[in-house]
Q: 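Take a look at this one; I'll ask things after.
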Amino acid sequence: MKFALWLPFYLLAFVLIEHLPQASYWPTQLPLDNAIPFCEWFVLFYCAWYPLLVAVGLYLLLRDAPAFRCYMAFLAVTFFASVLIWLLLPNGQDLRPQVFPRENFPTALVAALYRIDTNTNVFPSVHVVGSVGAALAMWDSPRLRAHPLLRWGVPVLAVLICVSTLFIKQHTILDVVSALALSLLVAIPIYFIPWDRTKKLP
């Protein structure tokens, strides 16, 4: 469980930085972002991020300790690196619609998300790095990888979550690309370089 102790510190850091006064920020949107239509139904995939990360974490905690340690290491490093980037490079995006094209349950859910999470501190997208982390952890665990539905379902869901951040105008293309780059940078030493997991990360 000690490998999950970073989570409350990250949540505290996230809340604090979200409430820091920000006179100006670097807008991360590109002209191409304007070509992506707003589609409120993708909020369902966006919200799937939370149970996905928890479900993968709980399963690995109970059934695959080495994979759990790697999963926690990946999330901790990428999440705190994101916070550091937000502090050093204040950023945000100006893509959120002022008026929703329709009034339905998904748009109400998007509106609630907008109220909870500001349009700042978006580069890189933690939703993307978390989704990549869940997919990597699933492939890293022989127990999970043995199930065909999970072997392909989790990566597909991860891709849909990443795409959803664009369609509900929560993130920009640059936010997603930077998150993928950060994920690769952190994944290489954790997942792609062989090492004895019984001796590392004690």
Side-chain angles (χ1 to χ4, degrees), residues 1-20 44-88 113 116-118 121-147 149-151 153-162 164-165 170-171 175-176 178-202:
M1 286 298 295
K2 65 182 179 180
F3 286 93
L5 292 178
W6 63 270
L7 184 56
F9 293 100
Y10 166 74
L11 293 175
L12 177 61
F14 177 80
V15 171
L16 290 176
I17 196 172
E18 278 287 285
H19 288 85
L20 283 178
L44 302 179
F45 295 114
Y46 186 89
C47 291
W49 183 81
Y50 303 96
L52 173 64
L53 265 63
V54 172
V56 171
L58 286 178
Y59 181 89
L60 296 179
L61 174 64
L62 298 174
R63 304 297 298 274
D64 193 334
F68 178 77
R69 291 193 291 268
C70 289
Y71 182 49
M72 290 297 101
F74 178 88
L75 293 185
V77 173
T78 53
F79 280 27
F80 279 111
S82 298
V83 171
L84 182 61
I85 292 171
W86 301 337
L87 285 172
L88 297 178
L113 284 171
I116 296 171
D117 194 1
T118 69
N121 305 318
V122 294
F123 175 97
S125 167
V126 169
H127 249 66
V128 172
V129 295
S131 301
V132 172
L136 288 171
M138 189 282 308
W139 275 94
D140 182 53
S141 173
R143 290 176 178 270
L144 288 176
R145 198 169 60 244
H147 298 278
L149 182 61
L150 294 176
R151 186 166 66 243
V154 171
V156 169
L157 178 58
V159 170
L160 288 172
I161 292 172
C162 295
S164 74
T165 66
Q170 189 73 356
H171 287 284
D175 301 337
V176 172
S178 62
L180 293 175
L182 175 61
S183 298
L184 177 61
L185 186 65
V186 176
I188 289 174
I190 294 177
Y191 287 110
F192 300 123
I193 295 179
W195 50 275
D196 186 352
R197 299 188 185 188
T198 64
K199 296 180 180 179
K200 295 278 186 174
L201 300 174

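Source: prediction; values computed, not measured.
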Q: To check you understand the geometry: which heavy-atom pair defines the closest contact between Ala187 and Leu136, and what is its length?
A: CB-CD1, 3.7 Å
Q: Can you name the residues that form a side-chain contact (heavy atoms from CB on, under 4.5 Å) with Ile188, not counting sequence neighbours?
A: Leu184, Phe192, Ile193
Q: Rounded to the nearest 0.5 Å, what separates atom CG in Leu157 from atom OG in Ser131?
A: 7.5 Å
Q: Do Leu113 and Cys47 have side-chain heavy atoms sitting under 4.5 Å apart?
A: yes
Q: Are the side chain of Tyr71 and the backbone of Leu53 linked by a donor-acceptor contact shorter than 3.5 Å?
A: yes
Q: Could you walk me through whether Trp86 and Val126 pass the side chain to side chain contact (heavy atoms under 4.5 Å, CB included) check?
A: CA-CA 11 Å; Trp86 301 337; Val126 169; 3.5 Å; yes
Q: Tell me whether Ser141 contacts the main-chain N or O of Met138 through its side chain, where contact means a donor paired with an acceptor under 3.5 Å.
A: no
Q: Do other residues, nucleotides or ligands put more than 12 heavy atoms under 6.0 Å from the CZ atom of Phe45?
A: no
Q: With no hydrogens and no angle check, is any side-chain donor or acceptor of Ser125 less than 3.5 Å from a backbone partner on Val122?
A: no
Q: So do Gln170 and Asp117 actually touch side chain to side chain, heavy atoms under 4.5 Å?
A: yes
Q: Just verifying a value: how many Å separate Leu180 CG and Asp175 CG, rounded to the nearest 0.5 Å?
A: 11.0 Å
Q: Provide the closest heavy-atom pair for Ala134 versus Val154 in the form atom of the first, atom of the second, distance.
A: O-CG1, 4.1 Å
Q: Return the CD1 to CG distance between Ile85 and Leu88, rounded to the nearest 0.5 Å.
A: 8.0 Å
Q: Grab the two heavy atoms, one from Ala135 and one from Pro155, that are nearest each other, plus how far apart they are.
A: CB-CA, 4.3 Å
Q: Could I get the full list of ring-ring contact (aromatic ring centres under 6.0 Å, His included) partners for Tyr46, not counting sequence neighbours?
A: His127
Q: Where is the tightest heavy-atom contact between Asp64 and Pro142, given as atom of each residue plus distance?
A: OD2-CD, 3.6 Å
Q: Below 4.5 Å, heavy atoms only, C-beta onward: do Phe74 and Tyr191 meet side chain to side chain?
A: yes
Q: If you measure from CG on Asp140 to CD1 on Ile190, what distance do you get to the nearest 0.5 Å?
A: 10.0 Å
Q: Is it true that a side-chain atom of Arg143 and a backbone atom of Arg63 form a donor plus acceptor pair closer than 3.5 Å?
A: yes
Q: Using 0.5 Å steps for rounding, measure from the CE atom of Met72 to the CG atom of Leu61.
A: 8.5 Å
Q: Decide yes or no on side chain to side chain contact (heavy atoms under 4.5 Å, CB included) for Leu87 and Leu20, but give the supporting numbers first.
A: CA-CA 10 Å; Leu87 285 172; Leu20 283 178; 4.1 Å; yes
Q: Locate the shortest heavy-atom distance separating Leu182 from Pro124; write the atom from each residue and the value.
A: CD2-CG, 3.9 Å
Q: Please list every donor-acceptor pair under 3.5 Å in which a side-chain atom of residues 4-19 meets a protein atom from a residue at least two apart or in another chain.
A:
from	atom 1	to	atom 2	distance (Å)
Trp6	NE1	Phe3	O	3.1
Glu18	OE1	Thr118	N	3.1
Glu18	OE1	Thr118	OG1	2.9
Glu18	OE2	Thr118	OG1	3.3
Glu18	OE2	Asn121	ND2	2.8
His19	ND1	Val15	O	2.7

Q: To the nearest 0.5 Å, how far apart are CG in Leu52 and CD1 in Ile161?
A: 5.0 Å
Q: Which atoms form the tightest heavy-atom contact between Val129 and Ala179, and what is the distance?
A: CG1-O, 3.3 Å
Q: Output yes when a side-chain donor or acceptor of Arg151 lies under 3.5 Å from a complementary backbone atom of Arg145, and no otherwise.
A: yes
